[in-house]
*Asks:* 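Below are the structure tokens for one structure; questions will follow.
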Amino acid sequence: MSDTVVERHAKTAAGWRSVSGDIKLAAVLFALLALVPAVIGGYAVYILPQYLLFGVLAMSLGLLWGLGGIVSFGQAAFFAIGGYSMGLAMQAGFGPAGAYLGLICAALAGAVLAGLAGYFLFSAGVRATYFVLVTLALSIIVEQAAVSQSQLTGGWNGMFVDRMSLNFGPLGEISLYEDAAAYYFILPIVALIFFGLRALSVSRFGKILVGIRENEDRMMALGYSVSFYKTLAFSLSGALAGFAGALYATHANFVSPSLAGVLFSTEVVVWVAIGGRTSLLGALLGGVAVSALSNYLSSVTPEYWQLVLGIIFVLVILFFKEGLAGLARSLADRLHRTRADG
Amino acid sequence: MQTAISVAIDATLITMVFALAAFGLAIIYGLVGVINLGHGAMLTLGAYFTWAAVNAEVPFFLAVILAGLGVGLIGLLFEHLVIRHFYDRPFDTLLLTWGFFLISTELVKIVFGSSFRNVPSPLPGALDLGFYEVPAYRAFIAVLTLALLAGAALVFFKTNLGIKIRALIQNQEMAGLLGLNIAMTYKLVFGFGAFMAGLAGGLIAPMLSIDPYIGNIFLVRSFFVVIVGGIGQLLSGTLLGSFFIGGSETIIALFSSQVVAQMAVFLLAIVILRFRPQGLMSER
């Protein structure tokens, strides 16, 4: 309210600048990532695609949270369902088509489950806080289902999933068994998803979601079916998480019930909060960086790393609501302004 | 017939355990409107504090009260340092209490280690009903829970503090204008909810093996107890909700497996939410 018109104007301008800045920054990042197998090689080539897929999982939440203001504590449920779909499809004996089928089923399963849950809750006008709790329960239900259906899923022992290969019918096939091949398969997909979501967020659909986030009642008065758009957004987010889970399963060769569990589910929330809830790039980087750091530091200081992560999470919520992306944005803004002034 | 009675007794006992576990949450959620995702961690802390005190040769029931006071104090501190600045932003309090869970769980792991701990039951043995044996400690918990709920209801409806709290819920602005210290009342309620969570954690400790994630078992279930029962319906809502979430699980498990029963109960809770988002016992 204390903003002057001029200040508000400057803010909008800054917002636009950072939007195009986001895309440039992301392009540079993906280009750098493309060099990793040639420059670094080794373990990084094996593990980075998995972190990137965690990044996609984070973006699936970022889409909901950043645009629609909806937080799901159950993204891991979709991720795990995607992984199990992939494993089951590849075991089912469809031959080379199994892997493609698995990817499609994974996205569909995520979309359907999220769509059902979303329809059920949003059409009842259930509040955002209840939605959090139901999604939390969703991850418990999926975890329990994975444990109990052991003849299908291997129970607590988890399920082995083969690396997929890209089959081009009569043109032959490319095995993704080699880490470099898998790397160059997954990296462009992640980039494509990022730019696709970026485009979606500035599209009409994205604007409607932002409208709902800012003022649900007004959007309803304007004649938009709020629950339809919310359900659609949640479905899309579930599909994305399921798809990422399928790729993760075939890359890591393994799915287990803990991938659906509450702890992993809420880890995704931590990634996105730290990365930046209103920035897709923030969510992606949050997912990649925090999961990579978690993995590394939990082998160095297993006792204290999680504690540090928890403290960072609380500090971010307390002091930097927009996460590290927001912090970077305001720093860049200040830099720009001093340069313009001087 | 005898099976039916024994199942009914089992279901009742479990309902009471759930009511005990959910009560602290119902207070904080119902009265100050904070979705306390740290509730599970508060139960865990209560259990570990009790374990530590019992190991230091403190008698069990004194240990439980000390544990409740300890967790209550931590809750007060947390409210004072963090939560009170965010009462107008409920979503951020939800995330902050989740942060409380993350930090508290890690501290428990560092201080107490990750291995399983046991608190010996203060009332071993069983009550023989002739056709059925009821574990004595569970029966005691059931009676104690009822007494605690009734006591809280008494405070809520019959005392000055209760009137203030109800006034606060009904119309915060008016209550503030009439000279009620809103900040202090919120603080007290939050601290009391944390105290109850710690107390419950301590009382539940002898029934389970304690590990750093023990409270998580009750976190989501406690929320469903509160939501299904109806927010702000401290006595009837908590009991009915507990029956739906805890008691019905025992009954469904008769016809299927424990896992299926748990899933069925969650699905049932979601369906209830869909058609009565305000809870079963709520008027509006």
Side-chain angles (χ1 to χ4, degrees), chain A residues 65 69-71 73-74 116-117 119-150 155 261-263 266-267 269-270 272-273 277 301-318 321, chain B residues 29 33-35 37 40-41 78 81-82 85-86 89-111 113-114 213 216-217 219-224 226-227 231 256-267 269-271 273-278:
Chain A
W65 194 354
I70 309 160
V71 176
F73 267 54
L116 272 177
Y119 170 74
F120 231 68
L121 295 166
F122 293 133
S123 69
V126 159
R127 276 178 285 168
T129 39
Y130 282 12
F131 185 74
V132 166
L133 299 174
V134 172
T135 48
L136 204 58
L138 212 58
S139 63
I140 295 180
I141 292 176
V142 171
E143 185 183 26
Q144 301 245 347
V147 172
S148 66
Q149 301 302 310
S150 50
V262 170
L263 289 179
T266 50
E267 226 169 273
V269 179
V270 174
V272 177
R277 51 176 103 169
T301 58
E303 303 94 23
Y304 296 105
W305 163 240
Q306 292 293 330
L307 180 64
V308 173
L309 194 63
I311 293 171
I312 294 175
F313 176 68
V314 169
L315 290 178
V316 164
I317 309 270
L318 279 176
K321 207 181 163 200
Chain B
Y29 194 2
V34 170
I35 312 253
L37 288 183
F78 179 58
L81 292 177
V82 177
H85 305 294
F86 288 86
R89 281 157 59 185
F91 220 91
D92 286 321
T93 58
L94 182 150
L95 294 173
L96 287 166
T97 52
W98 183 253
F100 178 89
F101 160 82
L102 291 173
I103 292 171
S104 154
T105 306
E106 292 312 311
L107 286 177
V108 162
K109 277 199 228 162
I110 291 169
V111 175
S114 291
Y213 294 104
N216 276 17
I217 304 174
L219 175 63
V220 176
R221 288 170 178 78
S222 297
F223 270 111
F224 275 127
V226 176
I227 297 173
I231 297 163
S256 58
S257 70
Q258 193 71 35
V259 174
V260 173
Q262 272 176 17
M263 287 168 59
V265 165
F266 275 143
L267 290 177
I270 294 173
V271 172
L273 252 187
R274 165 68 181 80
F275 294 104
R276 277 192 75 89
Q278 69 280 47

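Heavy atoms only: backbone and side chains are in, while hydrogens, waters and symmetry mates are out. Numbers restart at 1 for each chain; the letters A, B, ... are given by sequence-line order, proteins then strands.
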*Asks:* With rounding to the nearest 0.5 Å, note down the distance linking CD1 in Ile140(A) to CE in Met263(B).
*Replies:* 12.0 Å
*Asks:* Would you mind checking which part of Val147(A) comes under 4.5 Å of any heavy atom in chain B, side chain (CB onward), backbone (N, CA, C, O), both or neither?
*Replies:* neither
*Asks:* So with a 6.0 Å cut-off around OH of Tyr119(A), is the heavy-atom count from everything else above 12?
*Replies:* no
*Asks:* Can you say whether Leu263(A) sits under 4.5 Å from chain B via the side chain, the backbone, both, or neither, judging by heavy atoms?
*Replies:* side chain
*Asks:* Just how far is it from atom CG of Asp92(B) to atom NZ of Lys321(A), taken to the nearest 0.5 Å?
*Replies:* 5.0 Å
*Asks:* With side-chain contact (heavy atoms from CB on, under 4.5 Å) as the criterion, how do Leu94(B) and Phe73(A) come out once you've worked through the C-alpha distance, each side chain's angles and the decisive distance to 0.1 Å?
*Replies:* CA-CA 11 Å; Leu94(B) 182 150; Phe73(A) 267 54; 4.1 Å; yes
*Asks:* Is chain B contacted by the side chain of Val269(A), its backbone, both, or neither, given a heavy-atom distance below 4.5 Å?
*Replies:* side chain
*Asks:* Between Val308(A), Val262(A), Val71(A), which shows the greatest number of heavy-atom pairs under 4.5 Å with chain B?
*Replies:* Val71(A)
*Asks:* Given that the side chain runs from C-beta out, which part of Val271(B) has a heavy atom under 4.5 Å from chain A: side chain, backbone, both or neither?
*Replies:* both
*Asks:* Quick one: what part of Ala273(A) sits under 4.5 Å from any heavy atom of chain B, side chain, backbone, both or neither?
*Replies:* neither
*Asks:* Can you list the steps and then say if Phe120(A) with Leu273(B) is a side-chain contact (heavy atoms from CB on, under 4.5 Å)?
*Replies:* CA-CA 9 Å; Phe120(A) 231 68; Leu273(B) 252 187; over 6 Å; no
*Asks:* Find the one option among Leu37(B), Val220(B), Leu107(B), Ile103(B) whose heavy-atom pairs under 4.5 Å with chain A are most numerous.
*Replies:* Ile103(B)
*Asks:* What is the distance from atom OG1 of Thr266(A) to atom CG of Leu95(B), rounded to the nearest 0.5 Å?
*Replies:* 11.0 Å
*Asks:* Does any heavy atom of chain B fall under 4.5 Å from the side chain of Phe313(A), the backbone, both, or neither of them?
*Replies:* side chain
*Asks:* Pick one of side chain, backbone, both or neither for Ile35(B), based on which atoms fall under 4.5 Å of a heavy atom in chain A.
*Replies:* side chain
*Asks:* For Leu307(A) versus Glu106(B), what's the shortest heavy-atom pair and its separation?
*Replies:* N-CG, 3.5 Å
*Asks:* What part of Val259(B) is in contact with chain A, defined as an atom under 4.5 angstrom from a non-hydrogen atom: side chain, backbone, both or neither?
*Replies:* both
*Asks:* Using side-chain contact (heavy atoms from CB on, under 4.5 Å), reason through Leu309(A) and Leu102(B) one step at a time and then give a plain yes or no.
*Replies:* CA-CA 8 Å; Leu309(A) 194 63; Leu102(B) 291 173; over 6 Å; no
*Asks:* Is it the backbone or the side chain of Ile312(A) that comes under 4.5 Å from a heavy atom of chain B, or both, or neither?
*Replies:* neither
*Asks:* After noting the C-alpha distance and the side-chain angles of Leu318(A) and His85(B), does the key distance pass the side-chain contact (heavy atoms from CB on, under 4.5 Å) rule?
*Replies:* CA-CA 9 Å; Leu318(A) 279 176; His85(B) 305 294; over 6 Å; no
*Asks:* Sort out for me which of Ile311(A), Leu138(A), Leu121(A) touches chain B most, counting heavy-atom pairs under 4.5 Å.
*Replies:* Ile311(A)
